[in-house]
Peer 1: 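Pasting a structure here, questions to come.
Note on naming: letters A, B, ... go to the chains in the order of the sequence lines (proteins, then strands), and numbering restarts at 1 for each one. Values below: all heavy atoms of this structure, side chains included; hydrogens, waters and symmetry mates excluded.
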Protein chains: 2
Amino acid sequence: MLTSSVENYLKAIYYLQHESGWANTSAIADHMTVANPSVTMMLKRMAAMQPPLISYTPYEGARLTPAGEKQALEVIRVHRLMETFLVRVLGYTWDEVHADADRLEHASSPLLIERISALLGDPVRDPHGEDIPDRNGLLPNRSELPLTNLIAGQSGRITRVAADRPEILRYLGEIGLNLDVTVEVLEKAPFEGPLTVHSSESGSDHALGREITNRIFIDAAH
Amino acid sequence: MLTSSVENYLKAIYYLQHESGWANTSAIADHMTVANPSVTMMLKRMAAMQPPLISYTPYEGARLTPAGEKQALEVIRVHRLMETFLVRVLGYTWDEVHADADRLEHASSPLLIERISALLGDPVRDPHGEDIPDRNGLLPNRSELPLTNLIAGQSGRITRVAADRPEILRYLGEIGLNLDVTVEVLEKAPFEGPLTVHSSESGSDHALGREITNRIFIDAAH
DNA sequence: AACCTTAATTAGGATATGCTAATATTATAC
DNA sequence: GTATAATATTAGCATATCCTAATTAAGGTT
C-alpha cells in the first residue's frame, strides 16, 4: 500500500501533467509546499518502485507510468467522492471540503469507498464540477471552455470551478456563481482586463479578473 | 496536534488502565502489536510532552495525566462516532467497523466530528454498546454485569459486547446475540464451564465459553 | 565559446517511528 | 538471601519524510 505522502505526490504530478504535459521538480515542490530536494528524493523513489509509478529524467521531471496514473486516478476518485459526501451528507459548503477530503482520502478502505459511492448514487461530478473517475479510473469526456473565452453578450451554464483557494470559492458562492448557474458576459475589458458577468441565480452583476474567469468553465455543448 | 501513533498509544493506555488500573510496557506492546522497546521510547516521549500526556515510572508503566485522559477520550469519542456512522449510514455490520474507524479517527477535523455527531443525533452508544464520550469527554455511568454473572434461570438485556475479534462479533450476530436482545441463561456448567443461553431474537440456544460471556454485558438495573 | 542565471541535485542532518540484540532490573522461588 | 525467570530498558540501526546549504547541470547571452 502506498503512503499518504506518495499518494499526494501522485495527485500533484497528475494535475501538473494534465496542465502542462510535464511535471518538473519546482512545480511539484510549489504545488505541495515542500522544498525542492524533498521532491527529487521522492521522484527517485517513485521511479524505483515495483512497478514504477513514474518515469523520471533528472533535470527534466516526471511523468506518470500507466501504473502511476491508475493509482493517481484512484486517489482522485476517493478525494472527489469524499468532497461530494461532505457536501451532500454532512452539509459542508464547497469551500470547506478540500482539507478534510485531503485527509480522508488516505484513510479509506475499499469497502468505505464503495459504500460512499453507492450512498451518493455513484456520482460523476464533485461539488466543484470536477469529474469523478469511475471504479476503473475512467473519466467522461466533456466539452467545456473557460468563461474567459466567451465574448460579450454570450451566456452559458457553469460546469466546473477549478479555483483552489477556499476564499475564492466562498466569494463566488456569495455572488451567485455556483455550479449549473447560467452566467452572461456583459462586458469584457480590453488588455486582458476583467469580465463583467451576470448571474441568473443572484440576479446581480460582478467584475472578475481573468485569473478567476480562466478557472470557471462553461458548457461548450451550448 | 498529536500524531496517529500517539493517539493509538493513548487509546491503548486508556483501555489497559481501565481494565487493570495500570498500563505496563508489555501490555501496551501486546495491545498494539509492537515491540517492547518501541513502547518504552514512546512512553518517554509522551511523558516529556508539554503538557505531559502520561506519568511514566520506568519498570512500572504509565498512567494518563488529566491532559492525556482528555485526549484519549477525544480519540475514543471519534472512534465510536465513526463506528456508529459506518453502521447507521453506510450499512456496515458491527464486525466490520473496527479497522475502518481506526483509520478515520485520525483523519477527522473538529468540523467533521461535529457534523457526524449531529447527523447521528449525538449518539451515546456505539454499535457494540460502548459509551460515546460527549464533547467534554464525559461518560455516562452505567450499571451492567457480565453475562457470566447471571445464574441459571436469570435473563437480561444485552447492553454491551466487548469482543475485540471481528469473527466473534460475526458469530454472535449470527446466533442472535445482538445489542438489546434479551437472553436467558438456561444452564451454567460447573468448573468455569460454558453457559447455555437462549436468545429471544433468534429463538435458539447456544453454549458459550466464559471468555465470551465475560465480554457480554447485561443491564443490571433490571 | 566563455559566462551567467535558473533550476535541480547531492551532501549532511533532523524527527518520528519502528526493529533486534544486548543489558539491566524486579520479582519469584527455593 | 541468592539464583533464576520475567520484564523493561539501552544500544544500535533502519525507513520515510522533511529540511538547509553547497554543488552541479542546462540553457540563453554576448
Peer 1: Nearest heavy atom decides the nucleotide; on that basis, is B:Pro37 or A:Val34 closer to the 5' end of DNA chain D?
Peer 2: B:Pro37
Peer 1: Could you give all pairs that pass the salt bridge (charged side-chain N to carboxylate O under 4.0 Å, His left out) test and reach residues 37-50 of chain B, with sequence neighbours left out?
Peer 2: none
Peer 1: From CG of B:Asn24 over to C1' of C:dA27, roughly how many Å is that when rounded to an integer?
Peer 2: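 B:Asn24 atom CG is separated from C:dA27 atom C1' by 13 Å.
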Peer 1: Quick one: which of B:Thr84, B:Leu81, B:Val89 gives a side-chain contact (heavy atoms from CB on, under 4.5 Å) with B:Leu119?
Peer 2: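 Exactly one candidate clears the test, B:Val89.
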Peer 1: Would you say a side-chain N or O of A:Thr40 is under 4.0 Å from OP1 or OP2 of C:dT10?
Peer 2: no
Peer 1: When we call it a touch if two heavy atoms are under 4.0 Å apart, what does A:Met41 touch: a base, just sugar-phosphate, or nothing?
Peer 2: nothing
Peer 1: From CE of B:Met32 over to C1' of C:dA16, roughly how many Å is that when rounded to an integer?
Peer 2: 13 Å
Peer 1: By the 4.0 Å heavy-atom rule, please label B:Ser38 as base, sugar-phosphate, or nothing.
Peer 2: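 Counting heavy atoms under 4.0 Å across all strands, the contact made by B:Ser38 includes a base.
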Peer 1: A:Asp30 CG to C:dA7 C1': how many Å, rounded?
Peer 2: 12 Å
Peer 1: What are the residues of residues 45-62 of chain A, sorted by number, that bring a heavy atom to within less than 4.0 Å of DNA chain C?
Peer 2: A:Tyr56, A:Pro58, A:Tyr59
Peer 1: May I have the distance from B:Tyr9 (atom OH) to C:dA16 (atom P), rounded to whole angstrom?
Peer 2: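 Taking OH of B:Tyr9 and P of C:dA16, I get 14 Å after rounding.
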Peer 1: Measure CE/A:Met42 against P/C:dT9 and give the value in whole Å, please.
Peer 2: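 The answer, rounded to whole Å, is 15 Å.
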Peer 1: Would you give the length of the straight line joining atom OG of B:Ser143 to atom CD1 of B:Ile218, rounded to the nearest 0.5 angstrom?
Peer 2: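 The distance works out to 12.0 Å.
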Peer 1: Does a salt bridge link A:Glu114 with A:Arg77, judged by any charged N lying under 4.0 Å from a carboxylate O?
Peer 2: yes
Peer 1: With a non-hydrogen cut-off below 4.0 angstrom, is A:Val39 in contact with a base, only sugar-phosphate, or nothing?
Peer 2: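 No contact.
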Peer 1: Do B:Val75 and B:Leu2 have side chains that get closer than 4.5 Å, going by heavy atoms?
Peer 2: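 Contact flag for B:Val75/B:Leu2 side chains = no.
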Peer 1: In whole angstroms, how far is the C1' atom of D:dA11 from the NZ atom of B:Lys44?
Peer 2: 11 Å
Peer 1: From NE2 of B:His106 over to P of C:dA16, roughly how many Å is that when rounded to an integer?
Peer 2: 17 Å
Peer 1: Give the rounded distance in Å between these two atoms: CG of A:Asn36 and C1' of D:dA25.
Peer 2: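 A:Asn36 atom CG is separated from D:dA25 atom C1' by 14 Å.
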Peer 1: Let's see if you can work this out: which of D:dC18, D:dT9, C:dT9 has an atom nearest to the side-chain heavy atoms of A:Thr25?
Peer 2: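 Selected nucleotide: C:dT9.
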Peer 1: With side chains defined as the heavy atoms from C-beta onward, is the minimum distance between B:Arg170 and B:Thr93 less than 4.5 Å?
Peer 2: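 Sidechains of B:Thr93 and B:Arg170: no contact.
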Peer 1: Inspect the contact between B:Arg215 and B:Glu130 and indicate whether a charged nitrogen and a carboxylate oxygen are less than 4.0 angstrom apart.
Peer 2: no
